[in-house]
Amino acid sequence: MVKLRSRCLLVGDAAVGKSALSQMFRSDGAHFQKNYSMTAGVELVVKSVNIPETSDSVELYIFDSAGRETFVEACEKLWGQPSVLCLVFDVSSELSFSSCGRWLERVRAHCQGLHIPGVLVGNKSDLSSRREVETSVAQEWAQSQGLQYHETSAKEMENCEAPFLSLAQLFHALYQDRLQTIQNLA
């Protein structure tokens with residue numbers, strides 16, 4: 001049994017539901033904050049994820065980062081060296097989706113070219129009547145950037161665990177690859 005720890009960076013524009021998503025994940029759906037409260041810095045959420053078909057687990061240290069531009073530079077100093085990336089946009093906001101490229105560039109520049117596995121999350125899927133970003137468009141963009149794609153609704157607790165399970169599995173696979181490399185050198 002292996003227990004790994006992974007620093008997960010949670011980024012995206014303000015009001016896309018990053019905090020709601022991380023809180024619903026941490027509380028197993030028991031805590032949805034009905035009133036919006038903007039994250040002004042970085043909030044830390046920790047939860048362990050069991051890796052299916054193994055006895056291993058990954059403890060995700062989720063750094064929920066402010067999305068408002070005025071706070072981002074200060075937040076970057078707190079990011080450290082992330083292991084995985086969770087990039088979130090609102091499916092009812094084309095503008096928040098358009099910003100994903102800028103967020104990804106910022107994270108990649110921060111990581112100085114190191115490959116960071118990640119997921120793109122289209123949140124607020126419950127707002128289907130106000131949808132501005134089609135699933136196929138988001139999937140295609142995610143794939144072109146080497147990211148997995150998930151759609152969630154933190155409000156309805158739909159699919160909230162899936163992106164974090166994917167991140168844990170990506171990190172676990174990275175660990176397995178490195179372990180294999182070390183064993184091959186022996």
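Position 1 is the first residue of the sequence, and the numbers go up from there. The analysis underlying the following values was restricted to heavy atoms, covering all of them including side chains, and did not include hydrogens, waters or symmetry mates.
In this structure, Arg5 is not positioned above the aromatic face of Tyr61 in the sense of NZ or CZ being under 6.0 Å from the six-membered ring centre and within 45° of the axis. Figure legend: cation-pi geometry between Lys47 and Phe164 absent, as NZ or CZ is not positioned both under 6.0 Å from the six-membered ring centre and within 45° of its axis.
Looking at Val45 and Gln23, their side chains come closer than 4.5 Å, going by heavy atoms from C-beta outward.
Judged by distance alone, with hydrogens and angles left aside, the side-chain atoms of Ser99 form a donor-acceptor pair with the main-chain N or O of Leu95 at under 3.5 Å. A donor-acceptor pair is defined here as one N or O able to donate and one able to accept, closer than 3.5 Å; no such pair exists between the side chain of Asp64 and the backbone of Glu43. No donor-acceptor pair closer than 3.5 Å links the side chain of Asp56 to the backbone N or O of Ile51.
With hydrogens and angles left out, the side-chain atoms of Glu158 and Thr152 include no donor and acceptor closer than 3.5 Å. With no hydrogens or angles considered, no side-chain donor-acceptor pair links Glu132 and Ser92 at under 3.5 Å.
Pairs of residues two or more places apart, or lying in two chains, never qualify as salt bridge (charged side-chain N to carboxylate O under 4.0 Å, His left out) while including a residue from residues 164-173. Within the structure, salt bridge (charged side-chain N to carboxylate O under 4.0 Å, His left out) contacts touching residues 83-93 (residues at least two apart or in different chains) are Asp90-Lys124. Residue pairs meeting the salt bridge (charged side-chain N to carboxylate O under 4.0 Å, His left out) criterion with at least one partner in residues 164-186, sequence neighbours excluded, do not occur; the list is empty.
In this structure, Trp141 is a member of the same hydrophobic cluster as Val11, with clusters built from ILVMFWY side-chain heavy atoms closer than 4.5 Å. Linking ILVMFWY side-chain heavy atoms closer than 4.5 Å, directly or via other members, places Leu174 and Leu9 in two distinct hydrophobic clusters. Residues Leu179 and Val84 are members of one and the same hydrophobic cluster, defined by side-chain heavy-atom contacts under 4.5 angstrom among Ile, Leu, Val, Met, Phe, Trp and Tyr.
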Inset, instruction - Walk me through it: do Glu94 and Arg131 pass the test salt bridge (charged side-chain N to carboxylate O under 4.0 Å, His left out)? - result: CA-CA 9 Å; Glu94 173 68 41; Arg131 179 183 281 271; over 6 Å; no
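Screening Asn123, Leu21, Asp126, Leu127 against Lys155 for a side chain to side chain contact (heavy atoms under 4.5 Å, CB included) leaves a single residue, Asp126.
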